[in-house]
Amino acid sequence: MTDASVQRKTFSESVLAPVLDEYKRKEQALCGFMAMKGCRYNHELMVVGRAVNAWGAGKKTIELKDAEAQREFIGQIHFPDSVCQMAWVSECAGNSKGYLITYEPQPS
């Protein structure tokens, strides 16, 4: 099993399944965000946050009843094969409405 498969399985079983079970009788909107690291991450600092600030369109719990819909949702928030998972920060810097990203790259 690849690292990406393990990550998706862990998210599905340990995060998504309990949330869906808790909110199965409600039409709760969900937005997900997988942990990611930049391509130059050197294992010295890890920043953990909980606000995803409208990351993606999200789904309602009622839309995630079947396994295929859950796999699709996880696929929308998990991109392990990108060259740099944090590239969106520098790509979006100064371009977002309602969400200000300030980023100043450090010299290599």
Side-chain angles (χ1 to χ4, degrees):
M1 197 179 263
T2 66
D3 286 346
S5 297
V6 171
Q7 291 168 357
R8 288 176 183 221
K9 184 176 188 298
T10 300
F11 181 81
S12 178
E13 294 173 356
S14 300
V15 178
L16 189 57
V19 169
L20 292 175
D21 188 52
E22 178 70 25
Y23 292 99
K24 64 185 165 198
R25 291 185 183 88
K26 301 175 186 169
E27 195 169 319
Q28 180 70 37
L30 299 177
C31 183
F33 189 87
M34 293 287 244
M36 58 179 66
K37 64 181 178 180
C39 54
R40 295 190 316 195
Y41 177 62
N42 61 7
H43 302 280
E44 290 184 12
L45 171 70
M46 181 174 182
V47 178
V48 179
R50 63 179 206 152
V52 295
N53 299 321
W55 181 266
K59 294 280 185 187
K60 299 228 183 228
T61 50
I62 197 139
E63 298 174 293
L64 298 171
K65 290 197 176 215
D66 65 81
E68 181 58 34
Q70 292 172 24
R71 279 192 295 277
E72 182 181 308
F73 177 69
I74 293 169
Q76 292 171 352
I77 63 172
H78 186 236
F79 354 91
D81 299 327
S82 61
V83 173
C84 182
Q85 296 175 355
M86 297 299 293
W88 66 272
V89 175
S90 55
E91 291 167 1
C92 294
N95 297 325
S96 298
K97 293 179 181 176
Y99 180 63
L100 178 62
I101 298 172
T102 54
Y103 171 74
E104 295 179 26
Q106 301 299 314
S108 305

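- Under the 4.0 Å criterion applied to side-chain N and carboxylate O atoms, Lys60 and Glu63 are not assigned as salt-bridge partners.
- Here Arg71 contributes atom CZ and Arg8 contributes atom CZ; the two are 11.0 Å apart, rounded to the nearest 0.5 Å.
- Inter-residue side-chain proximity for Gln70 and Leu16 is flagged as met; some heavy-atom pair is nearer than 4.5 Å.
- Atom CD1 in Ile62 sits 12.0 Å away from atom CG in Leu30 (nearest 0.5 Å).
- Rounded to the nearest 0.5 angstrom, Glu22 CD and Thr61 OG1 are separated by 11.0 Å.
- Residues Leu64 and Ala69 share a closest heavy-atom pair of CD2-O, 3.5 Å.
- With a 4.5 Å cut-off on side-chain heavy atoms, Val6 and Thr2 do not count as touching.
- By the 6.0 Å contact criterion, CG on Asn42 is enclosed, its count of non-hydrogen atoms from other residues, nucleotides or ligands being greater than 12.
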